Amino acid sequence: MDRQSGYLNIFPSADPGMMQYGPNAGMQSLSPYLNVDPAYLNQDGPQWIFPEGASRQRGRFELAFGQIGGAVMAGAFLGGVQGFYGGYKQMAFTDQKASIKRTQLLNHISKRGAGLANTLGVVAVMYSGFGAILQLARGVDDEINTVVAGTATGLLYKSTGGLRTCLKGGAVGFGLTAIYSLWTSKERLKQVFY
């Protein structure tokens with residue numbers, strides 16, 4: 001029975017889903033992946049839809065999830081590499097069976113990886129939290145928020161070590177975020193000074 005003249009003819013005769021691909025199809029403008037004619041799609045329009053009056057940039061709170069996840073994954077990777085290196089050095093001098101060496105090496109990798117992932121994740125949560133609070137309080141997201149959030153993160157993270165250690169942590173946070181802010185806004189700085 002022909003699909004075009006069946007008892008329950010639910011497909012119109014010009015249905016693009018019914019087209020035949022091959023040398024006699026003659027419909028090269030149809031996308032083989034979407035089964036849609038690309039002429040119907042608005043190629044010149046914006047890629048993202050923003051509510052009217054909203055900014056065209058994601059805020060700190062939206063970026064926080066990616067930053068936290070990225071920090072945890074980077075910490076797990078770097079900690080795993082560090083654990084592999086330390087465990088391999090320690091296992092090289094022991095005289096044990098291969099299965100015991102393998103188990104101890106995996107323990108080193110997982111312990112160092114989890115520890116550094118936890119540390120970097122906590123720092124990212126604090127930094128993102130301070131940044132989101134500053135953006136809400138000030139109403140803008142600029143380099144000042146970045147530097148203040150980094151400094152506050154360093155101060156809070158090292159606050160249990162005493163005043164001197166707390167100030168060192170704040171200085172490290174200030175330095176890292178100041179370098180990052182200078183790096184990301186170098187075009188604007190060129191316009192100001194030149």
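Model, not experiment: these values are computed from the prediction. Position 1 is the first residue of the sequence; numbering continues from there.
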From [X] [atom1] over to [Y] [atom2], what is the distance, rounded to the nearest 0.5 angstrom?
{"X": "L116", "Y": "K111", "atom1": "CG", "atom2": "NZ", "result": "13.5 Å"}
{"X": "F61", "Y": "L136", "atom1": "CZ", "atom2": "CG", "result": "9.5 Å"}
{"X": "Q67", "Y": "L63", "atom1": "CD", "atom2": "CG", "result": "5.5 Å"}
{"X": "R102", "Y": "K97", "atom1": "CZ", "atom2": "NZ", "result": "10.5 Å"}
{"X": "I100", "Y": "T94", "atom1": "CD1", "atom2": "OG1", "result": "9.0 Å"}
{"X": "T103", "Y": "N107", "atom1": "OG1", "atom2": "CG", "result": "7.0 Å"}

Could you check Q90, K89, Q82 and say which one makes a side chain to side chain donor-acceptor pair (under 3.5 Å) with H108? Q90
Shared hydrophobic cluster, [X] / [Y] (ILVMFWY, side-chain heavy atoms < 4.5 Å):
{"X": "M126", "Y": "L120", "value": "no"}
{"X": "L134", "Y": "V140", "value": "no"}
{"X": "V81", "Y": "F84", "value": "no"}
{"X": "V147", "Y": "I144", "value": "no"}

In short, A64 meets S128 closest at the heavy-atom pair CB-CB, 3.5 Å
Between A124 and A71, the two heavy atoms sitting closest are CB-CB, 3.6 Å
Please check if the number of heavy atoms outside K101 that lie under 6.0 Å from its NZ is greater than 12. yes
Report yes if the side chains of R138 and N145 come closer than 4.5 Å at any heavy-atom pair, otherwise no. yes
Within the 4.5 Å heavy-atom criterion, are Y180 and T146 side-chain neighbours or not? yes
Result for side chain to side chain contact (heavy atoms under 4.5 Å, CB included) between Y127 and one of L176, T153, L156, I68 points to T153
Say whether, by atom type as modelled, one donor and one acceptor occur between the side chain of T165 and the main chain of G162 under 3.5 angstrom. no
